[in-house]
Amino acid sequence: MWSVNVLIGNELSISGLTATALANEFATPVFILDEVDFRSRAINWDRTLKLAFNESAGMVYYAAKAFICTEVARWINDIGIGIDVCTGGELSVALAGGINPEKIEFHGNNKSLAEIDKAVLVGVGTIVIDSLVEIERVSAVANKYGVVQKILLRLTPGIEAHTHESIATAHEDVKFGFSIASGAAWKAIEEVHKHTSIKLHGFHAHIGSQILDTDSFAISAERLIALLAQYRDVFSSELPELNLGGGYGIHYLPSDEELEPSVAIKALATSVTTNCRMHNLAVPQISIEPGRAIVGPSMLTLYEVGTVKDVVLENGKSRRYISVDGGMSENIRPALYAADYTAVLANRTSTSELISTRLVGKHCETGDILIRDIALADDIAPGDLLATPATGAYGRSMASNYNHVPRPPVVAVNDGKARVIVRRETEADLLGLDI
Ligand code: LLP
């Protein structure tokens, strides 16, 4: 839940820096990113994949959508793993961070012609194709540049992953990819074969996000491998790569479990090897795309309390509302997915009674709730600091300017030092867009 360098003593500290010192230097709300934690998680996924699959280990592609900025792209480059981008914007950041285009994988269900052009021109390693029209588009652009572009086909293996409806992606009724069951996947394979400027390298599936069980991943592998076998039977050649996507769940609350890389990859390896053996296929290169499981627990958000209000309810009881200086603009996940978070008093300890509290933001909306019900100390007052763990994934990356609130900065901490890696937005930034 907390990153490895967080200590909760008299005051919360991260990498030896206290919450008060960080708030004084960088103001609040602020995202604090534990660099060592991020790097070690990325390295751990890579190492675990290599250990489990040996020479069949493909790439770990960090899913940039979880969180990316130029400095984090540089870390990805140092670590040597790949990156999954799904827009021209994410592609630009990956390139700005110096990532070798060969290690970039380009996703998206509606890539623009300009995005495809840029991806092929800079030489991204893989384009994951999502629709029939995109086969034509990528092929035409590759033709234009006189290259043969390596592609994967994004497939939907028909799995109802156990997660929130909006972040499950591999059942049949979704906008992504080609369904295996309906025959759309096979039709796409045949279409790809009509083009000489694109080369089918294998299949891809991403079944959803924040998945905590391993069964859905195993079934996805089973279905994709059955299709690889069908491909081999018809075309007498084996496709070299299978990308099984991301989606590994993390823990947000003290009571949650995290899907450890060793457990997740072991389940994948068992399913892949069993199914390949059954179909008499060589094990292809296995790639994965974890986003949340790398950056999620590495970041926390620090807020300052602004108001404490006891609201009398219809039943005569009262509810404590604590408002902080952020809210749904930098963490939309509670409002969008009913996601649960926790928070702790970060600038001091308290021995006062714990009160059932609703933690809310500063936005002009009743649904601007960060935590619906949390036990917090009765004596929490304006000026206190609260810290929320595990806000690294889909926090800053999904932040908005709702109510013209400038987006918070991201501060990286490492070895007792803090540095801004994404600066705080200013009102001038916002006004700068207006004509
Ligand atoms: N690969 C593909 C093709 C994806 O679409 C995604 C996430 C990932 C990898 C990374 O998934 P992860 O390992 O981070 O779970 N905004 C939602 C999550 C949406 C995920 C979209 N795709 C949330 O806040 O929960």
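Atoms within a ligand are numbered from 1 in the order they appear, just like the ligands themselves.
Residue Gly246 has at least one heavy-atom neighbour below 4.0 Å for each of these atoms of ligand 1: 9 (C), 13 (O). Which parts of ligand 1 touch Met398 is read off a 4.0 Å heavy-atom cut-off, strictly below it: atoms 16 (N), 24 (O). Per-residue contacts place Ala63 under 4.0 angstrom from the following atoms of ligand 1 (heavy atoms of the residue considered): 8 (C), 9 (C), 10 (C). For ligand 1, the atoms sitting less than 4.0 Å from at least one non-hydrogen atom of Arg333 are 23 (C), 24 (O), 25 (O), numbered in the order shown with element in parentheses. Which parts of ligand 1 touch His107 is read off a 4.0 Å heavy-atom cut-off, strictly below it: atoms 3 (C). Listed by number with element, the atoms of ligand 1 under 4.0 Å from a non-hydrogen atom of Asp84 are 1 (N), 2 (C), 9 (C). Counting atoms of ligand 1 from 1 in the listed order, those under 4.0 Å from a heavy atom of Arg154 are 3 (C). Below 4.0 Å from some heavy atom of Gly291 lie the following atoms of ligand 1, by number and element: 12 (P), 13 (O), 14 (O).
Using a 4.0 Å cut-off between heavy atoms, His206 contacts ligand 1 through its side chain alone, with no backbone atom that close.
A salt bridge does not link Glu330 with Arg396: none of the charged nitrogens is closer than 4.0 Å to a carboxylate oxygen. Under a 4.0 Å N-O distance rule, the pair Glu71/Arg74 qualifies as a salt bridge.
At least one heavy atom of Pro290 sits less than 4.0 Å from an atom of ligand 1. At least one heavy atom of Gly247 sits less than 4.0 Å from an atom of ligand 1.
The shortest N or O to N or O distance between Tyr394 and ligand 1 is below 3.5 Å.
In the model, Glu241 has no side-chain atom that pairs as donor or acceptor with a side-chain atom of His204 under 3.5 Å. Side-chain contact annotation: Ser15 with Asn5, donor-acceptor N/O pair under 3.5 Å absent.
By the 30° and 60° cut-offs, the orientation of the rings of Phe38 relative to Tyr62 is perpendicular.
Between Phe217 and Tyr248, the ring centre distance stays below 6.0 Å. Under the 6.0 Å cut-off for aromatic ring centres, His193 and Phe235 qualify, their centroids lying closer than that.
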**OP:** Go through the steps to decide whether Leu385 and Thr28 satisfy the test side-chain contact (heavy atoms from CB on, under 4.5 Å), and finish with yes or no.
**Re:** CA-CA 9 Å; Leu385 299 174; Thr28 53; 4.2 Å; yes

